[in-house]
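What follows is a single structure, written as structure tokens, with notes after it.
In what follows, chains carry the letters A, B, and so on, assigned in the order in which the sequence lines appear, proteins first and then strands, with residues in each chain numbered from 1.
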Amino acid sequence: MALEDDDRLDHFRARLEELDASLHEAPSLADARAVARELIGTATVARWSDDALEGIVEREQEAPAVDAEVSLILADVAVARTGAVGFAHRAGRPRSTGVLPPRQIVLLDGADLVTDVGAALRHIGLQAGRQALPGNVVFAAGPSRTSDIEQRSIRGVHAPRELAVVIFRR
Amino acid sequence: MSGLVIEPPRGRPDPAVTPNLHRAAAHWGTQRADARGRVDWEAWRELARQIRADAVRHLPELIELLEARVATAGGHVHHARNAEEACDHVVRICREAGATRAVKGKSMTSEEIGLGAALQGAGIEAVETDLGEYIVQAMGDRPSHILAPAVHLSAGQVANLFARESGRPFDPDDTAALVSHARAVLRQRFLAAEVGITGVNLAVAETGTLTIVESEGNIRLATALPRIHIALMGLEKVIRDWEGAAHLIQMLPLAAQGKMAAASTSFITGPARDGDDGPHELHLVLLDGGRSAIRGTPFEEALHCIRCGACLYACPVYRQVGGHGYGTTYSGPIGAVITPLLAQGADTDDLPWYSSLCGACVEACPVKIPLDDQLVALRARAHEDDAPRGEAALFAAWARLWSRPSSYRATAATAGRALRPLWSALARDGWQHRAPFPFSGWTDGRDARTPDPEPFHARWRSRRVGA
């Protein structure tokens with residue numbers, strides 16, 4: 001059953017909290033950019049090229065993904081019931097940028113927050129009958145983690161160890 | 001010979017194993033209880049069972065569809081009838097590309113076919129990148145759980161290993177430092193690798209999409225940085241459509257870790273294209289390895305398994321002996337079922353006895369495989385041809401004798417009295433460490449409690465009298 005807008009946000013917020021990720025709410029894209037700028041501070045950044053991500057990072061802060069401290073990306077979809085953000089990689093949105101830096105800031109348009117996994121797969125174009133599916137999609141639920149050593153839960157192995165989602169209304 | 005059977009189970013387990021396993025199983029139990037409260041667990045299991053049953057029932061047509069769709073998306077499909085052919089494909093793909101450095105994601109199928117040894121033999125360096133697998137590989141050990149390969153090891157053992165590796169000391173209690181050491185070492189391997197080798201959790205036939213779930217991000221790196229991606233999957237991992245995929249990608253982490261979603265789920269349809277970074281070659285190696293032969297037999301449901309590892313932690317036998325105690329790639333209840341089915345010819349007849357038939361595995365299974373029934377059927381099968389003469393008569397006589405309380409008490413008390421001098425001569429701290437034949441069959445591998453000098457019946461009687 002699909003959730004109402006407010007319920008979706010409540011669910012999403014609760015899941016992210018459990019996953020040790022943070023959620024920041026901004027009334028507009030301009031505000032979201034300001035929040036992102038503040039979260040980044042003086043750290044070095046690798047980012048995807050997208051209009052929504054313009055005007056956040058100073059040119060001298062930008063760094064190649066392998067050296068950057070922060071990755072700045074835009075989600076295509078998010079799932080209220082699981083806390084996952086989903087993104088399709090393509091030209092201008094490289095996989096390496098999304099996975100190499102230890103901290104990640106994800107901008108999310110509130111209109112892309114859906115109720116469940118099934119809706120999210122359709123929203124991002126993973127369904128039969130399409131001309132071409134996105135070649136590589138990742139759903140990320142919270143920071144990367146491991147419990148391989150005595151079940152002690154540790155955040156951050158090969159993918160980001162900190163994840164901040166900034167949700168905004170266009 | 002495939003890697004299905006590694007060595008006969010033998011030897012006394014490392015004393016650290018049992019507490020490590022018990023802690024892991026308890027942890028899993030708590031997480032599972034939490035997760036089940038969030039969904040209609042029984043309805044979810046039934047739906048998951050139906051999705052897997054449909055896939056296995058229509059396996060040939062779905063594999064054909066998957067193959068066509070992967071090819072349309074620009075990928076290459078390679079069929080392997082057995083472990084040797086699967087290894088040959090992987091080695092050949094690396095050689096043709098002139099590649100000698102590979103990074104590997106965790107894949108039980110790669111253990112099953114003995115891929116590590118094949119790559120090493122071909123001069124291709126393949127580094128395990130899942131933290132647990134990396135630890136196990138560096139120790140020259142083997143994984144002991146489907147999802148938690150190093151569950152049998154303690155933090156102290158890992159700290160010692162990393163200290164030897166790096167020449168600086170590690171505090172076993174500083175888990176974050178241990179993880180960050182592995183991250184730094186492996187980061188360099190990822191950046192240098194030419195090939196990424198992964199398993200597959202689900203393949204969606206209708207679009208040719210490979211789905212891989214993970215916690216650590218090593219799969220994302222292995223499918224982002226190298227120029228070639230080789231995905232290895234058992235035929236049975238295919239499912240029909242996205243509706244099924246949407247359910248199973250939630251069911252798998254729920255059953256495995258009690259989580260609503262894996263930390264990362266990758267959906268891969270063909271190689272990278274049009275300015276996307278990522279591998280520009282995608283190879284899918286489809287392993288039969290005895291799977292097709294299980295279809296249409298009473299054991300078909302064993303192919304429904306999604307490799308979540310839940311039945312391992314649920315199993316009282318696994319919790320005692322650990323994954324290595326089985327001597328096989330797949331351990332626990334599902335291992336005791338599928339190993340004899342897949343390893344035709346190899347001596348695995350004993351495996352179905354690695355179970356108390358308590359049914360905890362069936363209750364834990366997210367796709368409702370009747371593991372207990374299958375274990376019983378496999379026990380029967382193991383003795384179809386070679387039932388020792390007289391064994392049946394002996395058991396029948398024993399059953400008759402112990403079906404009556406009076407004769408049970410008489411024989412049990414006599415046996416107890418007869419053996420008591422032996423037990424007390426050998427006992428140390430109430431334990432038998434090294435008993436004479438035929439009891440050595442037990443004590444060679446584990447200790448046995450010295451039987452209580454006073455039989456249960458006698459104690460029961462005295463309590464009743466006193467009460």
Has the side chain of [X] got a donor or acceptor atom that lies under 3.5 Å from a matching backbone atom of [Y]?
{"X": "B/Asp277", "Y": "A/Arg95", "value": "yes"}
{"X": "B/Arg183", "Y": "A/Val157", "value": "yes"}
{"X": "A/Glu150", "Y": "B/Ala155", "value": "yes"}
{"X": "A/His158", "Y": "B/Thr129", "value": "yes"}

Do you know which of [options] has the most heavy-atom pairs under 4.5 Å to chain B?
{"options": "A/Leu163, A/Thr97, A/Thr146", "value": "A/Thr146"}
{"options": "A/Ala84, A/Ala120, A/Ala141, A/Gly129", "value": "A/Ala141"}
{"options": "A/Gly135, A/Ala159, A/Ser144", "value": "A/Gly135"}

### Query
Between A/Arg161 and B/Glu216, is there a salt bridge with N-O shorter than 4.0 Å?
no

Counting only non-hydrogen atoms closer than 4.5 Å, does [X] touch chain A with its backbone (N, CA, C, O), its side chain (CB onward), both, or neither?
{"X": "B/Glu214", "answer": "neither"}
{"X": "B/Arg69", "answer": "neither"}
{"X": "B/Leu282", "answer": "neither"}
{"X": "B/Ala262", "answer": "backbone"}
{"X": "B/Arg187", "answer": "side chain"}
{"X": "B/Pro172", "answer": "backbone"}
{"X": "B/Ala150", "answer": "both"}
{"X": "B/Ile135", "answer": "side chain"}
{"X": "B/Ile268", "answer": "both"}
{"X": "B/Ile249", "answer": "side chain"}
{"X": "B/Ser264", "answer": "both"}

Does any backbone or side-chain atom of [X] lie under 4.5 Å from a heavy atom of chain B? Answer side chain, backbone, both or neither.
{"X": "A/Leu133", "result": "both"}
{"X": "A/Arg15", "result": "side chain"}
{"X": "A/Leu100", "result": "both"}
{"X": "A/Arg145", "result": "both"}
{"X": "A/Ile154", "result": "side chain"}

### Query
Are A/Leu126 and B/Thr207 close enough that some pair of their side-chain heavy atoms sits under 4.5 Å apart?
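When only atoms from C-beta onward are counted, B/Thr207 and A/Leu126 do not touch, as no gap falls below 4.5 Å.
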
### Query
Between B/Leu225 and A/Ser96, is any pair of side-chain heavy atoms under 4.5 Å apart?
yes

From [X] [atom1] over to [Y] [atom2], what is the distance, rounded to the nearest 0.5 angstrom?
{"X": "A/Arg152", "Y": "B/Thr175", "atom1": "CZ", "atom2": "OG1", "value": "3.5 Å"}
{"X": "B/Gln257", "Y": "A/Ser153", "atom1": "CD", "atom2": "OG", "value": "9.5 Å"}
{"X": "A/Asn136", "Y": "B/Phe267", "atom1": "CG", "atom2": "CZ", "value": "10.5 Å"}
{"X": "A/Asp148", "Y": "B/Glu133", "atom1": "CG", "atom2": "CD", "value": "8.5 Å"}
{"X": "B/Gln31", "Y": "A/Ser147", "atom1": "CD", "atom2": "OG", "value": "7.0 Å"}
{"X": "B/Met260", "Y": "A/Glu18", "atom1": "CE", "atom2": "CD", "value": "9.0 Å"}

Grab the two heavy atoms, one from [X] and one from [Y], that are nearest each other, plus how far apart they are.
{"X": "A/Phe87", "Y": "B/Arg220", "answer": "CE1-NH2, 3.8 Å"}
{"X": "B/Ala263", "Y": "A/Pro143", "answer": "CB-O, 4.0 Å"}
{"X": "B/Ala246", "Y": "A/Val117", "answer": "O-CG1, 4.0 Å"}

Picking from [options], which has the most non-hydrogen pairs under 4.5 angstrom with chain A?
{"options": "B/Ala245, B/Pro253, B/Gly275, B/Pro149", "value": "B/Gly275"}
{"options": "B/Ala24, B/Ala148, B/Gly270", "value": "B/Ala24"}
{"options": "B/Asp241, B/Leu221, B/Leu178", "value": "B/Leu221"}

### Query
Is atom CG of A/Asp67 surrounded by more than 12 heavy atoms (other residues, nucleotides or ligands) closer than 6.0 Å?
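For A/Asp67, atom CG is crowded (more than 12 foreign heavy atoms under 6.0 Å).
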
### Task
Evaluate whether atom CD of A/Glu54 has more than 12 neighbouring non-hydrogen atoms of other residues, nucleotides or ligands under 6.0 angstrom away.
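Buried by this count: over 12 neighbours within 6.0 Å.
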
